[in-house]
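Here is the structure we will look at, set down as C-alpha cells.
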Amino acid sequence: MKNSVSEQSFYIESEEDDEEKLYDKDENGNNSDSSYYSEDDKDDENRQQSKAGVNPSWPQSYRQSIDLYGSVPSPSINFLGPPSLSQLSSSFLSSTLIRRHTPEILPSLSKPLIIPEPEKTKEKGSSRYQLLSPTLSRKSSLRKAVLDKRASVANEISTTRQSTFGQAVINGMNVLCGVGILSTPYAVREGGWFGLSVLLIFAVLSFYTGILLRRCLDSQPGLETYPDIGQAAFGTTGRICISIILYVELYACCVEYIILEGDNLASLFPNAHLNLGVIELDSHHLFALIITIAVLPTVWLRDLSILSYISAGGVIASILVVACLFWIGLVDEVGIHSKGTTLNLSTLPVAIGLYGFCYSGHAVFPNIYSSMEEPSQYPSVLLASFGICTVMYASAATMGYTMFGESTQSQFTLNMPQNLVASKIAVWTTVVNPFTKYALTISPVAMSLEELIPSRHAKSRTYSILIRTALVISTLVVGLSIPFFGLVSALIGSLLTMLVTLILPCACYLSILGEKLNSLQRAMCVFVIGVGVAASGLGTFSALSKIIERLR
C-alpha cells in the first residue's frame, strides 16, 4: 500500500521536476547518467550546428518572423489540436513582446531528443535494466515516457507544418501578388508596350534564381533561410548584410502601405481636412496619420496568427481588384481610349524598377521550400506561382493602360470613376488589404531589433513597444516626406529587389557551389548578375532623380 502511494506521488510531480531528478543523480549519489545524457545531447547539438555550417548569430528570429509573414498557418494546429500542441503552435506563430527567444526554443524541440538504438543493443541492455532497483526502474521508465512524449509533440509539430503543393502555391502567390500589381499600368505608361517584355524577362530570371536558392539550401544540411545561405556563402558578414537588405526591403514596403492608404482614402474623401491652428492637414496627410494610428495597436499584438489568416486573402484581393478593372472596362463600358506608345526610352528605367518590384518574394522562398511536404515539387510550385502572377500582372497592365492611356496614375485605382460600384469595391479592397499586412510586414524588422536589446532587459515589454512604435512613426514620416507611390516602388524594385532577387542568389550560388559548376552554369549566373547590376543602376538613378525633382 505504501509503495502504491509513493508511486502515485512520484508520477504526479511536474515534468520539469521529474527531468531534474532523472538527470541529476542516481541512487548512489552519482551523476554519471546525467552527465552522459548532457554530454550526448550537447554533442548532438554541436554536430548539428557543424553540419549546418551556421552558428546562431543575428538574426535568430528570421525563420519565425518570415514564416508568419509569408505563409498561411495550418488551422489544424490552432483549432483542432490538443491544448499542449496548440500552445506550442501559438508560441511559434506569435511575435511575442516578452518571450523573444521562441526561435531558439523551438528548433531544439524539432531535433531528436534521443538517438534510437539498434534492436540488438536494446535486447542486450534489457537485462541490465532488470537488475536496477525499483526506484531506478521507475525513473528510467518515466524518463523514457517524458522524452517519448516530448519527441511525439515535436514530431507532430514538424509534421503538421509540412505544406502541401496547393498550400505552397498559395503562399508563393500571396508573397508575389502584392501592391505592385496596382502600378503595372503605370509601368507600361513609363516604358511603353515594349516594356512589357521586361516583365517577362524578370519573371524568367526570378524563377531561375528561385531554383538556385533551392540548390544552395540543399548544398549543406541545416540551411533553411536566406540569411543561412548568406552565411554559408560569405560567412557571418554575408548573413548580416543579406539580413539588413531583406529587413530594409520589408520596412520600405510598410512605407508604401502608408502612401497607398493615404492616396486611396484621399481619392474617396478629397475634401477631408483637419485644422489644428498652426498645422493644417489636407486629406492625404490626414488619412496617412489616421491609418498609422489605426495600425499601431496591431503592431503591439503578441499573437499575429489571426492577421496571418486575414492577410492570406491578399491573393483573393488582387484577383478581385483586377476583376473590377476588367468589369469597368468591359461591362461598364469605360472603353479603350488609347493605343499608347511603343517605347519610352527616357522613362524606361522607372518601368524596370516597377516591374522588378513585382517579383520581390525571394526572401520567403527558402522558407516555403523548407516547409514543403514534397520538396521535389518546389520547381512546380515556383512555376505555378510565377506563371499565375505574371498573367495577372500583364493583364492588369494591358487593360489599365489601354483604358487610361497617358493619364494613368501610379495606382490604377486612382483612375477609376468613383461613381461606379466596381470602383468602390476595388478601392476599399485596396485599402483593407495593406491594413492587415502592415503588422506582419514590420514584425520581422521589429523582432530583429529586439534581439539587440541587452539581456538584462530582454523580457521587458516596454522596450519592444518603444521599438515597434518608433518603427511605425518613422514609416509615417518617410511616407509623408516622399509621397510618390510609383517612384518609391521603382526605387525599391531597382535598389533592393534586384539585389535580393537576381544578384545575391547567383553570387551565393557561385560562392557555395562554384567548384562543382560547369562553364554554362557559371556563365548563366554571371549573365543574371550583369542584368541585375545594370537594371539596379539605371533604375535607382532614374527613380532618385525623379524623386529629387518632385521634391524641389
Side-chain angles (χ1 to χ4, degrees), residues 69-70 172-191 195-196 198-203 205-207 210 246 248-261 263-264 311 313-322 325 349-365 385-401 408-415 426 429-431 433-434 437-438 440-441 479 484-502 535-536 539-540 543:
Y69 162 72
M173 292 178 59
N174 191 40
V175 173
L176 291 174
C177 279
V179 296
I181 196 171
L182 301 176
S183 297
T184 50
Y186 179 71
V188 180
R189 189 196 102 174
E190 293 295 291
L196 276 175
V198 177
L199 177 71
L200 300 178
I201 292 173
F202 281 163
L205 296 183
S206 299
F207 172 79
L246 297 175
V248 171
E249 186 180 31
L250 291 176
Y251 177 85
C253 288
C254 291
V255 174
E256 283 284 78
Y257 291 155
I258 297 296
I259 301 174
L260 174 71
E261 299 282 16
D263 288 345
N264 283 274
S311 70
V315 178
I316 300 176
S318 298
I319 296 174
L320 180 60
V321 171
V322 174
L325 177 66
V350 175
I352 290 175
L354 291 170
Y355 289 135
F357 183 68
C358 294
Y359 296 107
S360 56
H362 282 56
V364 188
F365 288 154
S385 300
F386 277 98
I388 296 173
C389 292
T390 301
V391 170
M392 289 179 58
Y393 290 146
S395 301
T398 303
M399 179 58 70
Y401 185 51
T408 303
Q409 299 189 48
S410 61
Q411 307 153 59
F412 65 74
T413 52
L414 303 179
N415 290 100
T429 302
T430 303
V431 169
N433 190 37
K437 285 191 172 184
Y438 185 96
L440 294 171
T441 307
F484 315 119
F485 182 84
L487 294 179
V488 174
S489 297
L491 181 61
I492 297 172
S494 301
L495 181 61
L496 299 174
T497 306
M498 289 297 107
L499 279 171
V500 175
T501 303
L502 299 184
S536 179
T540 301

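We're numbering straight along the sequence, starting at 1.
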Practice prompt. Give the intermediate values and the outcome of side-chain contact (heavy atoms from CB on, under 4.5 Å) for residues Phe202 and Cys358.
Written response: CA-CA 9 Å; Phe202 281 163; Cys358 294; over 6 Å; no
Worksheet item: Heavy atoms, side chains only, cut-off 4.5 Å: are Val188 and Tyr355 in contact?
Response: yes
Worksheet item: Once you round to the nearest 0.5 Å, how far does CD of Glu249 lie from CD1 of Ile492?
Response: 7.5 Å
Worksheet item: Quick one: are Leu260 and Leu182 in side-chain contact, heavy atoms under 4.5 Å?
Response: yes
Practice prompt. Give a yes or no on whether the backbone of Ser494 and the side-chain of Thr497 come within a donor-acceptor separation of less than 3.5 Å.
Written response: no
Item to complete: Report yes if some heavy atom in the side chain of Leu491 is under 4.5 Å from a heavy atom in the side chain of Leu487; otherwise report no.
Response: no
Discussion item. Side chains of Lys437 and Asn174, heavy atoms from C-beta outward: is any pair under 4.5 Å?
Written reply: yes
Item to complete: Compare all side-chain heavy atoms of Val321 with those of Phe412 and state whether any distance is below 4.5 angstrom.
Response: yes
Worksheet item: If you round to the nearest 0.5 Å, how far is CG of Asn433 from OH of Tyr438?
Response: 15.5 Å
Practice prompt. Working to the nearest 0.5 Å, report the span between CE of Met173 and OG of Ser385.
Written response: 7.0 Å
Worksheet, complete the sentence: Here the gap from Leu440 atom CG to Cys253 atom SG, rounded to the nearest 0.5 Å, amounts to 12.5 Å
Fill in: Distance-only donor-acceptor check, side chains Thr430 and Asn264, under 3.5 Å
no
Discussion item. Can you tell me how far apart OH (Tyr401) and CG (Leu196) are? Round to the nearest 0.5 Å.
Written reply: 10.5 Å
Practice prompt. State, with a plain yes or no, whether a side-chain heavy atom of Phe357 is found less than 4.5 Å away from one of Leu496.
Written response: no
Practice prompt. Ignoring hydrogens and angles, state whether a donor on the side chain of Gln411 or Ser183 is under 3.5 Å from an acceptor on the partner side chain.
Written response: no
Fill in: ring-ring contact (aromatic ring centres under 6.0 Å, His included) against Phe386, all qualifying residues, sequence neighbours excluded
Tyr359, Phe365
Worksheet, complete the sentence: CG of Leu250 to CG of Leu246, rounded to nearest 0.5 Å, is 7.0 Å
Item to complete: Output yes when a side-chain donor or acceptor of Thr501 lies under 3.5 Å from a complementary backbone atom of Ser206, and no otherwise.
Response: no
